[in-house]
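Scroll down for the structure; my scribbles are underneath it.
Index from 1, following the sequence. Not measured: the values here are computed from a predicted model. As a basis for the values below, the full set of heavy atoms in this structure was taken, side chains included, without hydrogen atoms, waters or symmetry mates.
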Amino acid sequence: SASSDGEGLALLLDLLSREEALPKTVVSSMNPSDQVVIGSILGAFQTEDEGHLQLGPSWWINQTPLGIRAQLGYMASLGIIGTAIGFSTDARSALFWPRHEYYRRILCDVLASLVEEGLYPSDKDALGRLIRDVCYENTKKYFGIDAYTQDAPGLSGIEKGLPSGSPYFSSWRSGEDSNLRTGYPV
């Protein structure tokens with residue numbers, strides 16, 4: 001809509017919710033200033049399925065380091081970062097995989113800043129779970145990826161597309177310590 005009050009989105013979600021026809025949805029805006037309004041509205045229509053409605057990035061505008069930081073800030077302030085499905089993009093090329101890597105690094109840095117500011121607890125295990133959930137587990141759950149990877153023991157659909165030596169998956173699997181700012185093993 002032309003305004004950023006979110007009334008149209010709220011009416012649509014209300015109708016779908018009343019009809020019990022609200023699908024899993026990632027909602028994005030062309031205007032990054034709409035993110036807080038959209039995130040607040042999505043919070044009012046969540047189902048018992050965690051993260052049923054996702055706050056997506058403002059296309060292209062938020063797919064930069066500064067935009068990703070802003071997006072993560074909105075999500076942290078709205079209390080929805082824990083159910084996020086990570087970085088979303090319309091790029092389908094393997095050449096865009098580095099974008100997901102810099103998203104993960106920025107996520108780690110943003111969380112470290114929140115810890116330093118006293119806004120998030122300094123609990124390495126909880127932060128590690130949060131990073132793993134946002135960058136990996138929530139996506140698997142949201143899209144039902146496990147159901148499609150039963151024929152490949154030991155590998156999930158996401159890991160199949162990563163280089164075999166991907167440091168953050170290997171450190172999570174082995175339980176090694178990692179640097180909170182980068183997520184890489186120390």
Side-chain angles (χ1 to χ4, degrees), residues 4-6 9-10 13 24-89 98-143 158 166-186:
S4 61
D5 67 2
L9 176 61
L13 295 177
K24 286 184 174 180
T25 307
V26 178
V27 180
S28 296
S29 170
M30 293 298 289
N31 184 349
S33 65
D34 290 341
Q35 295 295 82
V36 173
V37 171
I38 292 170
S40 298
I41 292 169
L42 296 179
F45 292 98
Q46 291 296 336
T47 67
E48 63 279 347
D49 185 18
E50 280 186 13
H52 192 80
L53 301 173
Q54 292 282 323
L55 177 62
S58 298
W59 293 108
W60 302 114
I61 298 162
N62 271 357
Q63 293 187 2
T64 64
L66 183 60
I68 291 170
R69 286 179 188 284
Q71 174 79 0
L72 291 169
Y74 300 141
M75 295 172 82
S77 69
L78 294 168
I80 58 175
I81 199 166
T83 59
I85 55 172
F87 184 72
S88 58
T89 179
R99 288 178 139 179
H100 295 274
E101 172 64 12
Y102 80 64
Y103 175 89
R104 186 192 58 76
R105 289 181 185 205
I106 293 168
L107 171 65
C108 291
D109 190 58
V110 166
L111 292 174
S113 294
L114 291 170
V115 169
E116 288 172 354
E117 294 170 22
L119 299 174
Y120 269 44
S122 182
D123 180 336
K124 192 171 185 174
D125 292 335
L127 292 166
R129 278 190 307 276
L130 177 60
I131 294 165
R132 181 181 172 95
D133 286 349
V134 170
C135 295
Y136 183 67
E137 296 295 342
N138 293 349
T139 302
K140 282 177 45 179
K141 180 180 173 187
Y142 192 81
F143 293 107
I158 293 172
S166 181
Y168 54 98
F169 284 110
S170 62
S171 66
W172 281 338
R173 277 195 183 140
S174 67
E176 294 174 16
D177 286 340
S178 63
N179 178 313
L180 180 58
R181 286 265 180 215
T182 65
Y184 279 109
V186 291

Starting at [atom1] of [X], measure out to [atom2] of [Y] and round the result to the nearest 0.5 Å.
| X | Y | atom1 | atom2 | result |
| --- | --- | --- | --- | --- |
| Leu130 | Asp125 | CG | CG | 12.5 Å |
| Ser122 | Leu114 | OG | CG | 12.0 Å |
| Asn138 | Glu50 | CG | CD | 8.0 Å |
| Ile80 | Leu55 | CD1 | CG | 5.0 Å |
| Ile68 | Leu107 | CD1 | CG | 10.0 Å |
| Ser113 | Ile106 | OG | CD1 | 11.5 Å |

Original post:
Side chains of Asn31 and Ser33: donor-acceptor distance under 3.5 Å anywhere?
Top reply: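 Yes, side-chain donor-acceptor contact under 3.5 Å.
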[X] versus [Y], closest heavy-atom pair with distance:
| X | Y | result |
| --- | --- | --- |
| Ala76 | Tyr120 | CB-OH, 3.7 Å |
| Gln54 | Ala84 | OE1-CA, 3.3 Å |
| Val115 | Pro121 | CG2-O, 3.5 Å |
| Asp34 | Ser29 | OD2-OG, 3.1 Å |

Subject >> Under 3.5 Å: donor-acceptor pair, side chain of Gln35, backbone of Tyr74 >> reply: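 Not confirmed, Gln35 side chain does not pair with Tyr74 backbone.
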**OP:** Just do the side-chain contact (heavy atoms from CB on, under 4.5 Å) check on Val37 and Asp5 with the steps written out, would you?
**Re:** CA-CA 7 Å; Val37 171; Asp5 67 2; 5.8 Å; no
Subject >> With sequence neighbours excluded, residues passing side chain to side chain contact (heavy atoms under 4.5 Å, CB included) with Ser40 >> reply: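 Ser40 satisfies side chain to side chain contact (heavy atoms under 4.5 Å, CB included) with Val36, Leu78 once adjacent residues are dropped.
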Subject >> side chain to side chain contact (heavy atoms under 4.5 Å, CB included) involving Thr64 - partner list, sequence neighbours excluded >> reply: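 Only Leu66 meet the side chain to side chain contact (heavy atoms under 4.5 Å, CB included) criterion with Thr64.
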Original post:
Arg129: what forms a side-chain hydrogen bond (donor to acceptor under 3.5 Å, both in side chains) with it, not counting sequence neighbours?
Top reply: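 With sequence neighbours excluded, Arg129 shows a side-chain hydrogen bond (donor to acceptor under 3.5 Å, both in side chains) to no residue whatsoever.
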Subject >> salt bridge (charged side-chain N to carboxylate O under 4.0 Å, His left out) partners for Lys24, two or more places apart >> reply: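 Expected list: Asp49.
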Original post:
Which residues satisfy the salt bridge (charged side-chain N to carboxylate O under 4.0 Å, His left out) test with Asp123, sequence neighbours excluded?
Top reply: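 In terms of salt bridge (charged side-chain N to carboxylate O under 4.0 Å, His left out), with neighbours along the sequence ignored, Asp123 is linked to no residue.
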Original post:
Does Tyr103 have any ring-ring contact (aromatic ring centres under 6.0 Å, His included) partners at least two apart in sequence or in another chain, and if so, which?
Top reply: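 For Tyr103, the residues satisfying ring-ring contact (aromatic ring centres under 6.0 Å, His included) (neighbours in sequence not counted) are Phe87.
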Subject >> Leu53/Gln46 under side-chain contact (heavy atoms from CB on, under 4.5 Å): CA gap, chis, key distance, verdict >> reply: CA-CA 6 Å; Leu53 301 173; Gln46 291 296 336; 3.5 Å; yes
**OP:** For Ile85 and Lys141, run side-chain contact (heavy atoms from CB on, under 4.5 Å): C-alpha distance rounded to whole Å, both residues' side-chain angles, the deciding distance at 0.1 Å, then the answer.
**Re:** CA-CA 9 Å; Ile85 55 172; Lys141 180 180 173 187; over 6 Å; no
**OP:** For the pair Thr25 and Leu42, evaluate side-chain contact (heavy atoms from CB on, under 4.5 Å) and give the outcome as yes or no after the intermediate values.
**Re:** CA-CA 10 Å; Thr25 307; Leu42 296 179; over 6 Å; no
